[in-house]
Amino acid sequence: MKTTLFAAVGLALAAAVPAVAQDYNSTPNYGEVRLSPGFTPDPHLTSMRAGGTIDASTRFEACRGFITEQPDMRLYWDGKGTMNLRISAISNADTTIVVNGPNGEWYCDDDSGDDSNPVVTLSPVAGRYEIWVGTYSSGDTKPAVVSISEVTNF
């Protein structure tokens with residue numbers, strides 16, 4: 001499945017669906033990380049358990065998998081470098097990824113990465129990114145690793 005971008009539509013959309021927004025301001029399940037262009041070690045890896053009870057497709061039409069209400073992790077990106085930023089999940093289970101960018105954009109992916117793992121590649125701007133990793137069975141969590149890396153191309 002291709003990576004999908006959702007732009008914030010404004011107050012009309014927010015008023016129409018306030019009950020279905022992910023709680024991106026809540027405390028992340030697996031913590032926060034602050035990274036700057038040229039960070040080491042690259043990739044930055046965070047072990048976690050993917051999955052939750054919320055069907056991501058009911059929140060974002062083109063997203064898949066079951067996620068938690070609160071983000072799994074939060075990334076603070078300190079600036080725009082010359083490279084793209086790749087956020088992916090690595091797991092033996094079939095996982096998905098949902099990313100909320102600092103400008104309110106939502107990105108989703110299912111199988112675009114190596115071994116059909118989910119990956120979102122961005123031309124990053126400074127700010128806060130929330131990351132959710134989903135599975136295909138409600139409440140069935142699976143081991144996963146979130147990988148954040150700088151890459152030269154999409």
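Remember, it's a predicted structure, so these values are computed and weren't measured experimentally.
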Heavy-atom closest pair (Pro118 atom, Asp109 atom, distance to 0.1 Å) is CA-OD2, 3.3 Å
Exactly one candidate in Asp110, Asp94, Thr95, Thr96 meets side-chain hydrogen bond (donor to acceptor under 3.5 Å, both in side chains) with Tyr136; the answer is Asp110
Test side-chain hydrogen bond (donor to acceptor under 3.5 Å, both in side chains), reference Gln70, set Asp23, Asn29, Thr27, output is Asn29
To the nearest 0.5 Å, atom OG of Ser26 lies from atom CZ of Arg74 at 7.0 Å
When every non-hydrogen atom of Ala93 is compared with those of Asn117, the smallest separation belongs to O-OD1, 4.5 Å
Exercise for the section: Spell out, as yes or no, whether a donor-acceptor pair under 3.5 Å connects the side chain of Ser123 to the backbone of Asn84. Expected result: no
Residues at least two apart in sequence or cross-chain that pass side-chain hydrogen bond (donor to acceptor under 3.5 Å, both in side chains) with Ser36, listed by chain then number, are Asp78
Smallest heavy-atom separation, Ile67 atom then Gly134 atom, equals CG2-CA, 3.7 Å
Counting distance only, does the side-chain N/O of Trp132 pair as donor-acceptor with the main-chain N or O of Thr68 below 3.5 Å? yes
One should read off an interatomic distance between Phe66 CZ and Ser57 OG, to the nearest 0.5 angstrom, of 7.0 Å
Applying salt bridge (charged side-chain N to carboxylate O under 4.0 Å, His left out) to Arg49 and not counting sequence neighbours gives none
- Item | Donor-acceptor contact present, side-chain Asn103 to main-chain Glu105, <3.5 Å | no
Heavy-atom closest pair (Pro102 atom, Gly127 atom, distance to 0.1 Å) is CB-CA, 3.8 Å
- Task: Determine yes or no for a side-chain-to-main-chain donor-acceptor pair under 3.5 angstrom, with Thr135 supplying the side chain and Thr141 the backbone.
- Result: no
Review point. Between Leu35 and Trp77, does a side chain to side chain contact (heavy atoms under 4.5 Å, CB included) hold up when you go through it step by step?
Key: CA-CA 5 Å; Leu35 298 174; Trp77 183 248; 3.8 Å; yes
field: Step-by-step side chain to side chain contact (heavy atoms under 4.5 Å, CB included) determination, Val119 to Arg86
entry: CA-CA 7 Å; Val119 62; Arg86 177 174 288 160; 3.1 Å; yes
| field | Check ion pair Arg34-Glu32 (N to O, under 4.0 angstrom) | value | no
For residues 37-45, which side-chain N or O atoms pair as donor and acceptor with protein atoms under 3.5 Å away, sequence neighbours left out?
{"from": "Asp42", "atom 1": "OD1", "to": "Ser149", "atom 2": "OG", "distance (Å)": "2.6"}
{"from": "Asp42", "atom 1": "OD2", "to": "Glu150", "atom 2": "N", "distance (Å)": "3.2"}
{"from": "His44", "atom 1": "NE2", "to": "Thr46", "atom 2": "OG1", "distance (Å)": "3.4"}

**Message:** Evaluate Val120 against Leu122 for side chain to side chain contact (heavy atoms under 4.5 Å, CB included), listing each step before the verdict.
**Reply:** CA-CA 6 Å; Val120 171; Leu122 309 166; 3.5 Å; yes
